[in-house]
Amino acid sequence: MSLPTRLYCGAVLAAMFLAGLELYAQPAQLLVDADHRTAISLDGTWHAIVDPYGKGLYASDGSVLQHGYGENRQPKSKADLVEYSFAKSPTLQVPGDWNTQRKDLFFYEGVVWYQKDFAYTPKPRTRAFLHIGAANYRAYVFVNGTKICQHEGGFTPFDCEATSVLHGGHNFVVIAVDNTRLRDGVPALRTDWWNYGGLTRDVSLIDVPEQYIDDYDLHLQRDTTTGIAGYVHVQGASAGEPVVVRIPQAGIVRKAMTDASGRAEISLHAPKLELWAPEHPKLYRVEIQAGSDHLSDEIGFRTIEVRGTEILLNGTPIFLRGVSIHGEAPIRGGRPTSEKDDETLLRWAKEMGVNFVRLPHYPQSARMLRLADRMGIMVWEEVPVYWAIEFDNPLVLTKAQQQLHEIIRRDRDKASVIFWSVANETPVNPARNAFLESLISSARAQDGTRLVTAAMLSSMHGNEIQVNDPLGVYLDVVSFNEYAGWYQGSADDVGKIKITSIYQKPLLLSEFGAGAKAGFHADVQTRWSEEFQANVYRQQLTMLRGVKNLRGICPWLLVDFHSPMRELPGIQDFYNRKGLISDQGQKKQAYFVMQKAYLQRTVGNAQ
Ligand code: GCU
């Protein structure tokens, strides 16, 4: 390669790296409990420009343009050359992925520009934030032609301050979303789920007072279930400002003062609390007042902990009767966009007899978690550190830490969330171990009230499945995936398999299962038939009865879902068919095998 070429390539690589840093260098801010704040919704119809080369966003060297299409430039005269127009472009609905809104975008990976006009009336002594529930995968936000923030991470919320660029009357917002997969992304290039791009969750404009509540945590203390501890942080407050916490139904009113950093420590005695549990998902209205800011939340108080090899909810050993649920709308497909989508999925799970769901492999909507709070379903939440990512790249660790922080900040107030999971099926090597140890300690440092786990690979030797990933040392609950009878060995041999773990910790089977095309019937030897899938499940349940320290199981998974890796014509057609229910809502035979086991409490060796 000639020197000039080498220099040019070096410049492009440097620019792309700086673009990556630049993207991360200005992280968006975070409002807590945004779903309970008064907001101007910007959901609905937006104009959309498909920009396959990212011409309106990136310069030819890969760096991000200062304005690009974010300017929403209008021709100044009939001779003026402007080669884009939002007003003349088609529309997309927000929230929603673009892949399932337009056939020509089903496989699209690249940049789509969104634009919407809105009216606004500035208020004195307030700050205005544009709240985006999720944008997959990178987003660049412009208001009235000025870039106000950017964000990387397809499944976590972010807030961009717009105070200084908004004016009275007409305003417009432009958001560029780029769902191109990145080698140094989180997740990276290969995932067994559809790379749905777009503004996939709610977008709104939120006003807060100059001094506002930007973080809080109120949780039941593990040692005494009559004490609530935590804090409230007031952005912009100095020492000695009053914060009042009320829990009217528990007869609690407590006043505390902020310290120099704006943080008020909270400690409440609450002897008569009704504790949150699946069979009694009690939520309390909690009101927080700080100066002119007021927030109300619905919080369930419970404890989750590990004691020896047991998982304890409110001090009592539990067995997690789970199922995994991807963030895929039932029947319609695409990302869930409504409470109806979430309610259908969680109802199907509840009807099967679950008390627990794993929401793989990325944070799902706050709406889904609020529903789980109300329905009494415990939840495993996960950051998309999935399969092989660049574990030796410091920028990738920073991105994973950011996403973990964003999800803990958003969901720390939700009783249903009992696990933070830091990874799924990651290869065992020193770089990955160091990366995940760092993530685990971050999770613990930010939230000591929940348990930390990860879905680890297991290894099969003869008729033994061993759980011996070194990461288990750092986890509260040792979770592992195995596919005996599907990827490993034949279904008939599954019943003879022994599962051993090298850890004296609670064991959780985070994935097992098999595929079937709903309505395809044959004998138990015929792969893809419902009979084959049901037989694998029966064999698995037989095997699981004798597993020591098994404290939960999580079949993979509730509903068929779109995946670019599943192409078998007539059977998969870009669906992963391991659902117990088809993408059209048909319950397969295996669903009823699991339902019987859960309802009759014959699963595993604990109830
Ligand atoms: C893996 C992985 C899942 C995937 C599943 C499968 O365990 O964690 O994301 O969909 O196996 O192969 O169906």
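Whatever order the structure lists ligands and atoms in, that order sets their numbers, starting from 1.
With W194 as the aromatic partner, R335 does not meet the cation-pi criteria of under 6.0 angstrom to the ring centre and within 45 degrees of the ring axis.
Between the side chain of D342 and the main chain of A372, no donor-acceptor pair closer than 3.5 Å is present.
Checked by distance only, ligand 1 and H326 stay at 3.5 Å or farther apart across all their nitrogen or oxygen atoms. Of the N or O atoms in W387, none lie within a sub-3.5 Å distance of an N or O in ligand 1.
Of all atoms in ligand 1, listed by their number and element, those nearer than 4.0 Å to a heavy atom of N424 are 2 (C), 8 (O). Heavy-atom contacts of Y386 reach the following atoms of ligand 1: 2 (C), 3 (C), 9 (O) (cutoff under 4.0 Å). Each of the following atoms of ligand 1 lies closer than 4.0 Å to a heavy atom of N481: 7 (O), 8 (O). The atoms of ligand 1 that sit less than 4.0 Å from any heavy atom of Y487 are 6 (C), 12 (O), 13 (O).
If you check which protein heavy atom lies closest to atom 2 (C) of ligand 1, you get E511 OE1, 3.5 Å. In this structure, atom 13 (O) of ligand 1 lies nearest to the protein heavy atom K578 NZ, 2.7 Å. Among protein heavy atoms, the minimum distance from atom 10 (O) of ligand 1 is reached at D192 OD2, 2.6 Å. The protein atom (non-hydrogen) at minimum distance from atom 9 (O) of ligand 1 is H361 NE2, 2.6 Å.
When ring centroids are compared, F419 and F356 come within the 6.0 Å threshold.
Using a 4.5 Å heavy-atom cutoff, the side chains of R432 and L471 are in contact.
Salt-bridge formation is not detected for the pair D35/R410: no Lys NZ or Arg NE/NH1/NH2 atom is positioned less than 4.0 Å from an Asp or Glu carboxylate oxygen.
The distance from atom OG1 of T337 to atom CZ of R332, rounded to the nearest 0.5 Å, is 4.0 Å.
The aromatic rings of H151 and F158 sit parallel to each other, their planes meeting at less than 30°, with 60° as the upper class boundary.
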